[in-house]
Amino acid sequence: MKVLIVGGGGREHAIAMSVVKSPRVEKIYCAPGNAGIGQIAENVPIEPMEFDKLAAFAREKEVDFTIVGMDDPLVGGLVDVLEAKGLKVFGPRKNAAVLEGSKAFSKDLMKKYGIPTAAYETFDNAQEALEYLKTADYPIVLKADGLALGKGVLICGDREEAEEGVKSIMLYKKFGSAGDRIVIEEFMSGREVSVLSFVDGKTIRIMTSAQDHKRAKDGDRGLNTGGMGTFSPSPFYTREVDEYCREHIYQATVDAMAAEGRPFTGVIFFGLMLTPKGPRVLEYNARFGDPEAQVVLPRMKNDIIEVMEACVDGRLDEIELAFEDNAAVCVVLASQGYPVSYEKGFPIRGLEKFEDVEGYYCFHAGTRLTQEGVVTNGGRVLGITAKGKSLKEARENAYNAADWVNFENKYMRHDIGKAIDEV
Ligand code: AMP
Ligand code: GLY
């Protein structure tokens, strides 16, 4: 079987590492890929938003199965374009990817179907939003409706800050057209958990839990990033929480999408907050998380191609997922200055140390192969994942391995997974 993976980050490297283990796979292409992915797949110089080129490439190479891992092409309808050419694709169609593509859509869906989430109001007019802020409770949360590279959420401590936020999103278009509409929602406090799932339109299978660290600096300070590190499983995701979510959130979401005529096939990522009143949905994503995939997939025992094919064929009910009874921690090695501004092009040393070491992974995110070897090519450069019998052991292993690689401007958080000391 020939597989095409669309994307070129740490998540796509983790997906490729799982795909390469499937005995049925003879060839993997990745568009555009990166230096690490290039070791197990053939990188193809096509960007994820070049739909027609991707379709033509997949047809020409007789690709049997395409996996779309990124939000932008999913929300833009890449799956529909490829399917129209007779290709078999894993990922939601455009009308289902809206679950991530529009926060107003997902909030209205949750309200209509009684899925627990924060109370909210939606506005497409800045004046009305500003009026609403006069009588609101603080802190309050502002969310640009559309995709904003994970940065479209502002938590505002008081009315003044919120007014500035509304203006920056709706009037000054800080996030472009993603801010044509805004969701203003109740602030919730609690621990966050990411739960990924496979879905075939009707059936949902839950993967093991994980937790991301979104802020740039230790102690959850600094700016929001794409994610500075993850651990899995989350010790805060107890059996009780799991039962509640199964009863009120997971299947209810899949059924709601089907009832709306938008059957969802692919991965649903549930961003949950464990509030004192119980678990609440913070957000949905229509894909694997990055860097959640880097701790969840290495622990999965199933053949990923078998699971993904079952999703596309609508027979996920025949599959049971199985995860290793261990833990994994991923520490992101970033370029100093990320997420604002940073230099790139620095040589990376020590990558060979990961070859043939069981339980350790070096996922490439922003890297590029040059004549001088592999160099840094982005804000998030590598994701160093290690397994261990416990979360503590996995964390020690991951931080040890984070020292195996070096490059100028290397930056990482030192407290990934530290919260687990509290349990
Ligand atoms: P989202 O992109 O919707 O996941 O939001 C990004 C981050 O903002 C989340 O991971 C939370 O840390 C925070 N956040 C989002 N919504 C809320 C809320 N209603 N209350 C408190 N924090 C929130
Ligand atoms: N790590 C969060 C995300 O992928 O959106």
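Ligands are counted one by one from 1 in listed order, and the atoms in each one are counted from 1 as well.
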Residue list, side-chain contact (heavy atoms from CB on, under 4.5 Å) with Glu161, at least two apart or on another chain = Cys156, Asp158

inquiry  = According to side-chain contact (heavy atoms from CB on, under 4.5 Å), who are the partners of Glu185, at least two apart in sequence or on a separate chain?
reply    = Lys107, Ala118, Tyr120, Val141, Lys143, Val183

Specify the protein heavy atom at minimum distance from [atom]: its residue, its atom name, and the distance to 0.1 Å.
| atom | result |
| --- | --- |
| atom 23 (C) of ligand 1 | Leu282 CD2, 3.7 Å |
| atom 2 (O) of ligand 1 | Glu283 OE1, 3.2 Å |
| atom 19 (N) of ligand 1 | Glu185 OE2, 2.7 Å |

task = Considering only NZ, NE, NH1 and NH2 on the basic side and carboxylate oxygens on the acidic side, decide whether Arg205 and Glu320 come within less than 4.0 Å.
result = yes

query = Do NZ/NE/NH1/NH2 and the carboxylate oxygens of Lys53 and Glu47 come within less than 4.0 Å?
reply = no

remark   = Note: Ile155, heavy atoms under 4.0 Å from ligand 1, region reported as side chain

note = Sorted by chain and residue number, the residues having a heavy atom closer than 4.0 Å to an atom of ligand 2 are Asp212, Gly226, Asn285, Arg287, Gly289, Asp290, Pro291, Glu292

note = Heavy-atom proximity to atom 6 (C) of ligand 1 ranks first, among Val153, Val281, Asn224, Ile184, for Val153

ask   = Considering only heavy atoms, which of Glu192, Met188, Lys143, Arg280 lies nearest to atom 21 (C) of ligand 1?
value = Met188

task = Tell me yes or no: between the side chains of Ser22 and Asp303, is some donor less than 3.5 Å from an acceptor?
result = yes

ask   = Quick one: does NZ or CZ of Arg299 land under 6.0 Å from the six-membered ring centre of Phe323, within 45 degrees of the ring axis?
value = no

task = Please verify whether a non-hydrogen atom of Lys103 lies at under 4.0 Å from ligand 1.
result = yes

remark   = Here the atoms of ligand 1 under 4.0 Å from any heavy atom belonging to Phe187 are 20 (N), 21 (C)

task = Among residues two or more places apart or on two chains, list those pairs meeting side-chain hydrogen bond (donor to acceptor under 3.5 Å, both in side chains) that have a residue in residues 249-259.
result = Tyr237-Tyr250, Gln251-Asp255, Thr253-Tyr284

